[in-house]
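All residue numbers refer to positions in the sequence shown, counting from 1.
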Amino acid sequence: MAKHMKWNLTTTQIIAFGFFCAILIGTILLCLPVSSASGQTTPLIDSLFTSTTSVCVTGLVVVQTSAHWSLFGQIVILCLIQLGGLGIVTFTTAIMMIAGKQITLYDRLLLEDAMNLNTLSGLIKFLKKVLKGTFLIEGIGFIGYSLVFVPEFGLVHGLGISLFNAVSAFCNAGMDVIGADSLSAYLTNPWVNLVTMFLIVMGGIGFIVWMDIASLIQNILTKKIPIHHCLQRLRLHTKIVLLTTAVLIFGGACLIFLLEFHNPDTIGLLHVPQKMLASLFQSVTTRTAGFLTFSQKSMHPTTVLICLFLMFIGGSSIGTAGGIKTSTAALLFLSARSTTKGDTHVVVFHKRIPHQTIKKALAVTMVSSLVLIISTILLYELEGGPLLDTAFETTSAIATVGLTRDYTAHLHTPGKLIIILLMYLGRIGPISMAIIFGNRQHKALVSYPEEDITVG
């Protein structure tokens, strides 16, 4: 019976249900008195909010992570972040592998859809590389943080903070156990900034890009590929992701630097190199990470608009980041450019992009935009406050960023429920939409006549 029910569920339903179950289990655990530092039961809505923001690797919080939760509660949150960052299907399959259980064809198909891959070839090998790479990079981050946090907080506490921050940064969760002001105390600390940005970028750039670059480096070292041909051997996906990521990070940093240069409440009082570092960090963290080194509330409105744009795009596919993804934004830009040039097809790096992929990018963007607009209006009507702050909050939630203009802490129950739903949709939505619109063509039984309409 269970097996029959299993096959009746679509991949989208299984993934969505998996995240829902993880959130539910996390909520129950966080409701327990042992999870709070005071030993009292945390209200259900706050436990649900914290569990959702952890599993959906968002980072918005209604209670201070370092002060409200006990060691047990923080461990629960850390496990939920790691689970959410890797993905329910990926994590479950990994557990089955560790336990020595056979990975069935059904499990392989589910994993293929969950990671939006196009083939089953080498799937389990790919998963093993993802897990090894994840723990390796988190380990590097852990060591890097330890060099600062252990001398400052002591051995045990410093190692705990380092581990929590390393996992949270790599998974683009943006939660920490340092204090109420995130990384504000380390605004001018180059090492903490660089380690955090390294983890954020590595988590958000996508697992496929990792593998592609690692394979290229290996081939260069073994002299299978000459260095001057290395860029030609990268996948088109990798080229687009790397180029778009670089443009967004450094372009965003330049705009933030210029707009906030004289703002005394953000970076105005810093030296120029420190301003550059803070601007770069802000640009990186808006790519769905959620850590902050200066007040988001104090930014100029024009800077906020830039951050909204960066948050909405987010990171890259098949990684730990949210948003509509860099490849989606790049395809929309390329499609618009080809249309204005009068080209029949979208061509980039001498490769033609399938029309179905362009349609998928457009669908993901339009659905995400519609949900964002509706939720912003609804939250504004229910909670009030400046409209810009409301839009910042909803964008941060649906893109699983975690940054806030001091709005989250003042939410009432209806507002919390809206943000919870947005965080859930933000983690599930892009995956589900990619599955729904990806590689599934239905043959039409009827052919209709074609007629053009006027646009623009």
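Checked against ring pair (Phe, Tyr, Trp, His ring centres under 6.0 Å), Tyr145 has the following partners two or more places apart in sequence or in another chain: Phe149. Here Phe294 pairs with nothing under the ring pair (Phe, Tyr, Trp, His ring centres under 6.0 Å) rule; sequence neighbours left out. Leu258 is linked by a side chain to side chain contact (heavy atoms under 4.5 Å, CB included) to nothing, counting only residues two or more places apart in sequence or in another chain. With sequence neighbours excluded, the residues forming a salt bridge (charged side-chain N to carboxylate O under 4.0 Å, His left out) with Asp46 are Lys416, listed by chain and number. Residues satisfying the ring pair (Phe, Tyr, Trp, His ring centres under 6.0 Å) criterion with Phe291, sequence neighbours excluded, are absent altogether. With sequence neighbours excluded, the residues forming a side chain to side chain contact (heavy atoms under 4.5 Å, CB included) with Lys351 are Leu236, listed by chain and number. Legend: residues meeting side chain to side chain contact (heavy atoms under 4.5 Å, CB included) with Asp343, ordered by chain and number and at least two apart, are Ser338, Lys341. The side chain to side chain contact (heavy atoms under 4.5 Å, CB included) test applied to Phe309 returns Leu248, Ile313, not counting sequence neighbours.
Judged as a ring-ring contact (aromatic ring centres under 6.0 Å, His included), the pairs with a partner in residues 243-279 (not counting sequence neighbours) are, in order, Phe257-Phe261. Identified under the ring-ring contact (aromatic ring centres under 6.0 Å, His included) test for residues 324-383, with sequence neighbours left out: none.
A distance-only check finds no donor-acceptor pair linking the side chain of Thr357 to the backbone of Ile353 [under 3.5 Å]. Side chain of Ser51 to backbone of Phe49: no donor-acceptor contact under 3.5 angstrom is found.
Residues Gly59 and Thr53 approach most closely at N-OG1, 2.8 Å, considering heavy atoms. Here the closest heavy-atom approach between residue Ala278 and residue Ile267 is recorded as CB-CG2, 3.6 Å. The shortest heavy-atom contact between Ala361 and Thr365 is O-OG1, 2.9 Å.
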For residues 371-378, which side-chain N or O atoms pair as donor and acceptor with protein atoms under 3.5 Å away, sequence neighbours left out?
unit_1, atom_1, unit_2, atom_2, d
Ser375, OG, Val371, O, 2.9
Ser375, OG, Leu372, O, 3.0
Thr376, OG1, Leu372, O, 2.7
Thr376, OG1, Thr394, OG1, 2.7

Donor-acceptor list for residues 131-142 side chains, cut-off 3.5 Å, not counting sequence neighbours:
unit_1, atom_1, unit_2, atom_2, d
Thr134, OG1, Val130, O, 2.8
Glu138, OE2, Gln82, NE2, 3.2

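In the model, Thr408 has a side-chain atom that pairs as donor or acceptor with a side-chain atom of Glu393 under 3.5 Å. Remark: the Gln282 side chain and the Glu260 side chain contain no N/O donor-acceptor pair separated by less than 3.5 Å.
Around the NZ atom of Lys129, the shell of radius 6.0 Å holds no more than 12 heavy atoms that belong to other residues, nucleotides or ligands.
The shortest side-chain heavy-atom distance between Met423 and Thr400 does not fall under the 4.5 Å cut-off.
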Point to revise | salt bridge (Lys or Arg N to Asp or Glu O under 4.0 Å) evaluation trace for Asp265 with Lys297 | key: CA-CA 9 Å; Asp265 296 323; Lys297 183 73 173 178; over 6 Å; no
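A distance below 6.0 Å separates the ring centres of Phe170 and Trp210.
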